[in-house]
Amino acid sequence: MKQPVAFITGIAGFAGSHLAEELLNNGYSVTGAILKDESTANIASIEKQVRLMEMDILDQKACTKALARFRPNYIFHLAAFASVGKSFDNERLVYRINFDGRSEEHT
């Protein structure tokens with residue numbers, strides 16, 4: 001049986017790092033997206049076991065390239081605004097990032 005591949009946006013965040021560990025422990029090949037200059041401290045213990053791609057999820061071409069390169073069976077979108085307070089200041093941007101995966105400049 002072929003090893004399933006998971007792609008995690010926000011892999012270096014709190015939830016993404018825990019999900020990556022769990023998937024690795026269950027036999028998945030794990031890939032993920034990180035922002036340029038993003039800290040990988042949360043995935044330091046597994047960084048050599050995962051494949052990372054520096055990517056902005058607002059960049060449709062980069063997303064298409066990542067999917068073509070890694071060919072994931074499962075996609076977990078964890079790169080999103082989590083702060084309710086910040087969401088009130090940037091409602092439209094938060095919606096686009098969290099649900100559409102693009103900003104107005106990329107539509």
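All of these numbers come straight from a predicted model, not from anything done at the bench. Index from 1, following the sequence.
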Inset, instruction - Could you note down all residue pairs passing side chain to side chain donor-acceptor pair (under 3.5 Å) where residues 31-40 supplies at least one of them, sequence neighbours left out? - result: T40-E47
Inset, instruction - For the residue pair I34 and I11, establish whether any side-chain heavy-atom pair is separated by less than 4.5 Å. - result: yes
Would you list the atom pairs, donor with acceptor, under 3.5 Å between side chains in residues 15-23 and any protein atom, with sequence neighbours excluded?
residue: S17; atom: OG; partner: G13; partner atom: O; Å: 2.9
residue: S17; atom: OG; partner: F14; partner atom: O; Å: 2.9
residue: E22; atom: OE2; partner: N26; partner atom: ND2; Å: 3.0

Legend entry - Verify same cluster id: L58, L78 (apolar side-chain graph, 4.5 Å): no
Legend entry - For the student: nearest non-hydrogen atoms of S29 and R51, plus distance: OG-NH2, 3.5 Å
Inset, instruction - Sorted by first residue and then second, give each ring pair (Phe, Tyr, Trp, His ring centres under 6.0 Å) pair with at least one member in residues 29-50; sequence neighbours left out. - result: none
Legend entry - Sequence neighbours excluded - side chain to side chain donor-acceptor pair (under 3.5 Å) pairs with any residue from residues 4-16: T9-H77
Inset, instruction - Mind checking ring-ring contact (aromatic ring centres under 6.0 Å, His included) for Y28 and listing every partner two or more places apart, or none if nothing turns up? - result: Y74
Inset, instruction - Indicate yes or no for a side-chain donor-acceptor contact from N73 to the backbone of V5 under 3.5 Å, with no hydrogens or angles considered. - result: yes
Legend entry - Closest heavy-atom pair and its distance - A79, G10: CB-N, 3.6 Å
Legend entry - side chain to side chain contact (heavy atoms under 4.5 Å, CB included) partners of A44, counting only residues at least two apart: none
Inset, instruction - Taking side chain to side chain contact (heavy atoms under 4.5 Å, CB included) as the test, write out the residues that go with L24, two or more places apart. - result: V30, I46, Q49, V50
Inset, instruction - Output every pair passing side chain to side chain donor-acceptor pair (under 3.5 Å) with a member in residues 61-72, not counting sequence neighbours, ordered by first then second residue. - result: none
Inset, instruction - Indicate the atoms forming the closest heavy-atom contact of P72 with A6, along with that distance. - result: CB-C, 4.4 Å
Inset, instruction - Determine, using the 4.5 Å side-chain heavy-atom cutoff (strictly less than), whether F76 and I57 are members of one ILVMFWY cluster. - result: no
